[in-house]
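Working notes for the structure below.
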Amino acid sequence: MNNKIAIILPAYNEELTIEKVILDFHQHCPEASIYVMDNNSSDNTNKIASSVLKEKNIYGKVIFIKRQGKANAMSAAFKKIDADIYVMADADNTYLGEDLNKLLTPVASNEYDLAVGNRFTGSGYELENKRRFHNFGNNLVRKIINSLFNSDLKDIMSGYRVLSKNFIKNYPIMCEGFEIETEMTLHCLDKRFNIIEIPITYKDRMEGSFSKLNTFKDGFRVLKTIFNIFKDYRPLLFFSTLSVIFFIVGVLLGIDPVMEFIEYRYVYKVPTAILATGMMIFSLLFFAIGLILDTISRYEKFNFELRKNNEGS
């Protein structure tokens, strides 16, 4: 494999696992450079990683990223590191280096822009992962995305990914934290990059290593992600739904004033009539907003395809 490969490991307080992860990936892909993105670790992650890279003569380095968040760390990595293929993996030893070649092959052959490690097919992820709410959130977001984009993806939030340089250069990271995997998948589907999922083995964190995920915070992030998926990627559906809701409320509120006018030629429930009128106005406004944003979205996709074609020519 003649491509220049960069393995990127965002790390926050991973002193228990960082050495094992570096050595594991180096063993299975010795030609790759390994970059540890130290995201404000307060333990010995930086020291251990630097020592391992130096002692084992592994090309790469530790890059300190002050702005907290996994997406911020990956954004800095994509800007600072030049490679033909980028490998994204976690530093907690949940992903194995032995699966790397399976993910590299489809991207190195230029058939796919993104190869995702699928934790759900045969790896026992739902048994290994003790955070049941996260399984529920993963499945909910996956079903919504597959429905909206007519896809059949199995693992939307996998953190083990191989990405082509073409994808990286055309992917603006807009989030800051663990939403990056979902955002990356959405961008791939929306902009029609080629994506493939490959079964991998997943291990839960070793004893003493703690996840940076928080059930309640990440539950809110899941809800926020679902909201943004509809708003940003299907604006006509999102605002049309709001339009229908306000229309129904307006009709229900307007029944009495209309019946009063028909019977008495006078409206006694003036506040209700005004509120019903307001609901109808909002309904029309939401529908108009949806149409406008949908047109803008289509125009933006058209320009994006033109840029991709020009870059590829």
Side-chain angles (χ1 to χ4, degrees), residues 1-10 24-25 28-29 31-32 70-71 74 77-78 81 83-90 94-126 128-129 135 138-173 175 178-203 225 229 233 301 304-305 307-309 311-312:
M1 194 175 293
N2 296 321
N3 294 294
K4 184 179 178 183
I5 303 169
I7 298 175
I8 303 170
L9 305 172
D24 184 33
F25 277 103
H28 290 92
C29 192
E31 70 273 21
K70 183 177 182 179
M74 294 306 302
F78 293 154
I81 300 168
D84 298 316
I85 297 176
Y86 296 80
V87 179
M88 172 180 163
D90 292 340
T94 53
Y95 300 115
L96 305 181
E98 64 186 41
D99 291 320
L100 181 54
N101 283 326
K102 294 190 297 184
L103 296 172
L104 283 171
T105 300
V107 176
S109 63
N110 294 320
E111 292 183 52
Y112 294 91
D113 298 288
L114 176 60
V116 179
N118 177 10
R119 301 166 294 176
F120 290 94
T121 304
S123 70
Y125 170 73
E126 291 184 323
E128 284 286 326
N129 181 22
N135 289 335
N138 285 351
N139 290 329
L140 179 61
V141 173
R142 174 178 60 83
K143 289 177 181 178
I144 290 173
I145 290 176
N146 282 334
S147 176
L148 290 177
F149 290 94
N150 194 28
S151 56
D152 189 29
L153 298 178
K154 301 295 189 296
D155 195 351
I156 301 294
M157 299 181 182
S158 172
Y160 199 1
R161 295 166 180 248
V162 174
L163 311 102
S164 69
K165 186 173 186 177
N166 180 49
F167 179 80
I168 292 301
K169 299 307 177 186
N170 289 284
Y171 167 48
I173 298 178
C175 61
F178 288 97
E179 308 96 318
I180 184 172
E181 291 90 356
T182 304
E183 182 189 81
M184 190 179 288
T185 301
L186 285 167
H187 183 74
C188 190
L189 292 171
D190 187 59
K191 299 302 185 293
R192 301 195 298 179
F193 286 100
N194 294 323
I195 182 173
I196 185 174
E197 291 184 311
I198 297 174
I200 60 168
T201 300
Y202 176 88
K203 297 194 308 179
T225 298
I229 288 171
Y233 292 92
K301 290 178 185 178
F304 186 86
E305 289 295 326
R307 291 198 302 272
K308 278 205 306 183
N309 291 337
E311 290 173 2

Legend entry - Taking every non-hydrogen atom, the tightest pair across Pro10 and Lys70: CG-CE, 4.0 Å
Legend entry - Donor-acceptor pair, side chain of Asp113 and main chain of Ser164, under 3.5 angstrom: no
Inset, instruction - Look up atom CE in Met157 and atom CD in Glu181, then write down how far apart they are to the nearest 0.5 Å. - result: 8.5 Å
Per-pair distances, 0.1 Å, donor-acceptor, side chain in residues 187-194, under 3.5 Å, sequence neighbours excluded:
{"unit_1": "His187", "atom_1": "NE2", "unit_2": "Asn170", "atom_2": "O", "d": "2.7"}
{"unit_1": "Asp190", "atom_1": "OD1", "unit_2": "Lys301", "atom_2": "NZ", "d": "3.0"}
{"unit_1": "Asn194", "atom_1": "ND2", "unit_2": "Glu111", "atom_2": "O", "d": "3.4"}

Inset, instruction - Mind checking the CD1-OH spacing from Ile5 to Tyr86? Nearest 0.5 Å is all I need. - result: 12.5 Å
Inset, instruction - Kindly indicate whether the side chain of Ser158, heavy atoms from C-beta on, has any atom under 4.5 Å from the side chain of Tyr95. - result: yes
Inset, instruction - Determine whether Ile200 and Val116 make a side-chain contact, defined as any pair of heavy atoms from C-beta on separated by less than 4.5 Å. - result: no
Inset, instruction - Dump the intermediate steps for side chain to side chain contact (heavy atoms under 4.5 Å, CB included) on Tyr160 and Thr94, then the final yes or no. - result: CA-CA 9 Å; Tyr160 199 1; Thr94 53; over 6 Å; no
Legend entry - Flag side-chain contact, heavy atom, 4.5 Å: Asn110 against Asn166: no
Inset, instruction - Could you tell me whether the side chain of Met184 reaches within less than 4.5 Å of the side chain of Met88, counting heavy atoms only? - result: yes
Legend entry - From Leu163 atom CG to Leu103 atom CG, the distance as rounded to the nearest 0.5 Å: 10.0 Å
Inset, instruction - Examine distances only and state if a side-chain atom of Ser147 and a backbone atom of Lys143 form a donor-acceptor pair shorter than 3.5 Å. - result: no
Legend entry - Leu100 side, atom CG; Asp24 side, atom CG - distance, nearest 0.5 Å: 9.5 Å
Legend entry - Approximate separation, where rounding is to 0.5 Å, of Ile198 CD1 and Asp99 CG: 9.5 Å
Inset, instruction - Identify the two heavy atoms, one from Arg119 and one from Tyr202, that lie closest to each other, and give their separation to 0.1 Å. - result: CD-CD1, 3.7 Å
Inset, instruction - Taking all heavy atoms of Lys165 and all of Ala83, pick out the closest pair and write down the distance. - result: CD-O, 3.2 Å
Inset, instruction - Apply the side-chain contact (heavy atoms from CB on, under 4.5 Å) test between Phe149 and each candidate in Leu186, Thr185, Ile144; give the one that qualifies. - result: Leu186
Inset, instruction - Identify the two heavy atoms, one from Ile156 and one from Arg161, that lie closest to each other, and give their separation to 0.1 Å. - result: O-NH2, 2.6 Å
Inset, instruction - Find the distance between OH (Tyr112) and CG (Leu114) and round it off to the nearest 0.5 Å. - result: 11.5 Å
Inset, instruction - Using atom types as modelled and distance alone, determine if a side-chain donor or acceptor of Asn118 lies under 3.5 Å from a backbone N or O of Pro199. - result: no
Inset, instruction - Check step by step if side chain to side chain contact (heavy atoms under 4.5 Å, CB included) holds for Phe167 and Val107. - result: CA-CA 11 Å; Phe167 179 80; Val107 176; over 6 Å; no
Legend entry - Donor-acceptor contact below 3.5 Å, side chain Asp155 vs main chain Glu197: no
Inset, instruction - Look at atom NZ of Lys102 and say whether more than 12 heavy atoms of other residues, nucleotides or ligands are closer to it than 6.0 Å. - result: yes
